[in-house]
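This report refers to the structure that appears directly beneath it.
In this text the structure is predicted, and so the values were computed from the model without any measurement. Naming convention: chains lettered A, B, ... in sequence-line order (proteins, then strands); numbering from 1 in each chain.
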There are 2 protein chains.
Amino acid sequence: MGIHVVFGALADPTRLAIVERLLSSGDLTAGEIAAPFDISKPAISRHLKVLEEAGVVERRVERQFRVFRARREGFAQMEDWLEKSREFWNDSFDRLEKIFAEKGRPDAEDD
Amino acid sequence: MGIHVVFGALADPTRLAIVERLLSSGDLTAGEIAAPFDISKPAISRHLKVLEEAGVVERRVERQFRVFRARREGFAQMEDWLEKSREFWNDSFDRLEKIFAEKGRPDAEDD
DNA sequence: TCTTCATTTAACAAAAACATGAAATAACAT
DNA sequence: ATGTTATTTCATGTTTTTGTTAAATGAAGA
């Protein structure tokens, strides 16, 4: 589906706040999620849909409520992407070290 | 500035591709960055501005070129946010363990 | 200075995102 | 069945994002 969709889901302040609250509070109903915000319930409902479609939260029906919960796999996707990026950082650090070693001193004045 | 700005910067497929290329290739000029894409240079220029304002890349002037590079601090922000989230996951796992322990059954495979 | 190459800013159009109130649906209780 | 509570879908308006082309700016060289 693409990691950019996950990033997009977390790019909105309202959605980010929802996710952070779900992380700290565990399961919450749509109504509980909407309560602290000044925006309408339809708007929150859409945000929840975006988060669900991105795989960041999951929804289940319990009695007359829809209960939401943060979803591990969504976070795992980000972890993986960042892990891959970290490798690149390490690689380029290695390249720099090699260059320094060959030149014999860390800050040579060239080009 | 808010982590959601960083997420927003990476939410666009073109910008994500730019960042990934900068990670693997090191420094690139605006022109080199624009080359593989089908969209106009002004459009790429704006994407680069968004990435720069989010702190994900940095720009410097070298001869007649603008050279871009991925920026460690931008990634560190995400690492920190994910690290914080990971703590919450661990905490809720602890809570679950405690509940199982009280029930006398450490790993019940019920649904 | 005049030209050229590299890139950004400006002006604008199309598409997407985000909000709202009203109506529809879902689950449950009476 | 009818009503009540919980939530989503619909129709719509506004703002933001993303793209385009044309013009402006920046740096370098003749």
Side-chain angles (χ1 to χ4, degrees), chain A residues 1-22 25-71 74 111, chain B residues 1-22 25-71:
Chain A
M1 192 210 287
I3 188 72
H4 70 97
V5 177
V6 177
F7 288 138
L10 300 174
D12 178 274
T14 301
R15 287 196 296 266
L16 187 66
I18 289 172
V19 169
E20 290 179 338
R21 178 135 169 268
L22 281 174
S25 305
D27 295 2
L28 292 174
T29 69
E32 288 171 325
I33 290 168
F37 293 102
D38 245 14
I39 62 184
S40 68
K41 287 185 173 196
I44 296 290
S45 184
R46 295 231 78 201
H47 282 311
L48 288 170
K49 193 174 192 177
V50 171
L51 288 169
E52 189 186 18
E53 283 171 349
V56 174
V57 308
E58 61 189 29
R59 174 202 314 250
R60 71 174 189 278
V61 178
E62 191 160 304
R63 302 177 49 95
Q64 69 254 225
F65 309 98
R66 284 42 151 209
V67 181
F68 292 84
R69 167 185 300 193
R71 192 162 160 280
D111 91 314
Chain B
M1 190 209 279
I3 187 72
H4 69 98
V5 176
V6 177
F7 288 137
L10 300 175
D12 179 273
T14 302
R15 286 198 295 267
L16 186 66
I18 289 172
V19 168
E20 290 178 337
R21 178 134 170 269
L22 281 173
S25 305
D27 296 3
L28 292 173
T29 69
E32 290 172 325
I33 291 168
F37 293 103
D38 245 14
I39 61 184
S40 67
K41 286 184 174 191
I44 296 290
S45 184
R46 281 236 250 135
H47 282 310
L48 287 170
K49 193 174 191 177
V50 170
L51 288 170
E52 188 186 20
E53 283 171 350
V56 174
V57 308
E58 62 189 29
R59 174 201 317 250
R60 70 176 190 277
V61 178
E62 191 161 304
R63 305 177 47 93
Q64 71 254 223
F65 310 98
R66 284 54 155 194
V67 181
F68 293 83
R69 167 186 300 194
R71 192 164 161 279

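- When all heavy atoms are compared, the tightest approach of A:Arg21 to A:Pro36 is NH1-CG, 3.5 Å.
- For residues 7-16 of chain B, proximity to DNA chain D is found at B:Asp12, B:Arg15, defined as any non-hydrogen atom under 4.0 angstrom from a strand atom.
- Atom CG of B:Leu28 sits about 10.0 Å away from atom CG of B:Leu48, to the nearest 0.5 Å.
- A search for salt bridge (charged side-chain N to carboxylate O under 4.0 Å, His left out) contacts involving A:Arg66 returns nothing, not counting sequence neighbours.
- Contact annotation for A:Ala43: base contact, defined as any heavy-atom pair under 4.0 Å involving a base atom.
- Summarising the geometry, the separation between NZ on A:Lys41 and P on D:dT7 is reported as 6 Å, rounded to the nearest angstrom.
- Residue pairs meeting the salt bridge (Lys or Arg N to Asp or Glu O under 4.0 Å) criterion with at least one member in residues 37-57 of chain A, sequence neighbours excluded, are A:Glu52-A:Arg59.
- Bracketed by its first and final contacts, the part of DNA chain C lying under 4.0 Å from non-hydrogen atoms of chain A reaches from C:dC18 to C:dA29 in 5' to 3' order.
- The CD1 atom of A:Ile33 lies 8.0 Å from the CD1 atom of A:Ile44; values are rounded to the nearest 0.5 Å.
- Applying a 4.0 Å cut-off to non-hydrogen atoms, the residues of residues 44-54 of chain A that approach DNA chain C are A:His47, listed by residue number.
- With DNA chain C read from its 5' end, the first of the two nearest nucleotides for A:Glu62 and A:Ser40 is the one closest to A:Ser40.
- Looking at heavy-atom distances under 4.0 Å, A:Phe68 makes contact with sugar-phosphate atoms alone, never a base.
- Rounding to the nearest 0.5 angstrom, the gap separating the OG1 atom in A:Thr29 from the CZ atom in A:Phe68 is 9.0 Å.
- Salt bridge status for A:Arg60 with A:Glu62: present, with a side-chain N to carboxylate O gap under 4.0 Å.
- At whole-Å resolution of the value, CD in B:Gln64 and C1' in D:dG29 are 9 Å apart.
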Can you give the donor-acceptor pairs under 3.5 Å from side chains of residues 5-16 of chain B to other protein atoms, not counting sequence neighbours?
| unit_1 | atom_1 | unit_2 | atom_2 | d |
| --- | --- | --- | --- | --- |
| B:Asp12 | OD1 | B:Thr14 | N | 2.9 |
| B:Asp12 | OD1 | B:Arg15 | N | 3.1 |
| B:Arg15 | NE | B:Ala9 | O | 2.8 |
| B:Arg15 | NH1 | B:His47 | ND1 | 3.0 |
| B:Arg15 | NH2 | B:Gly8 | O | 3.2 |

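- Between B:Ser25 and B:Glu32, the closest side-chain pair of non-hydrogen atoms is not below 4.5 Å.
- Regarding B:Ile39, its CD1 atom lies at a distance of 16 Å from the P atom of D:dT17, rounded to whole Å.
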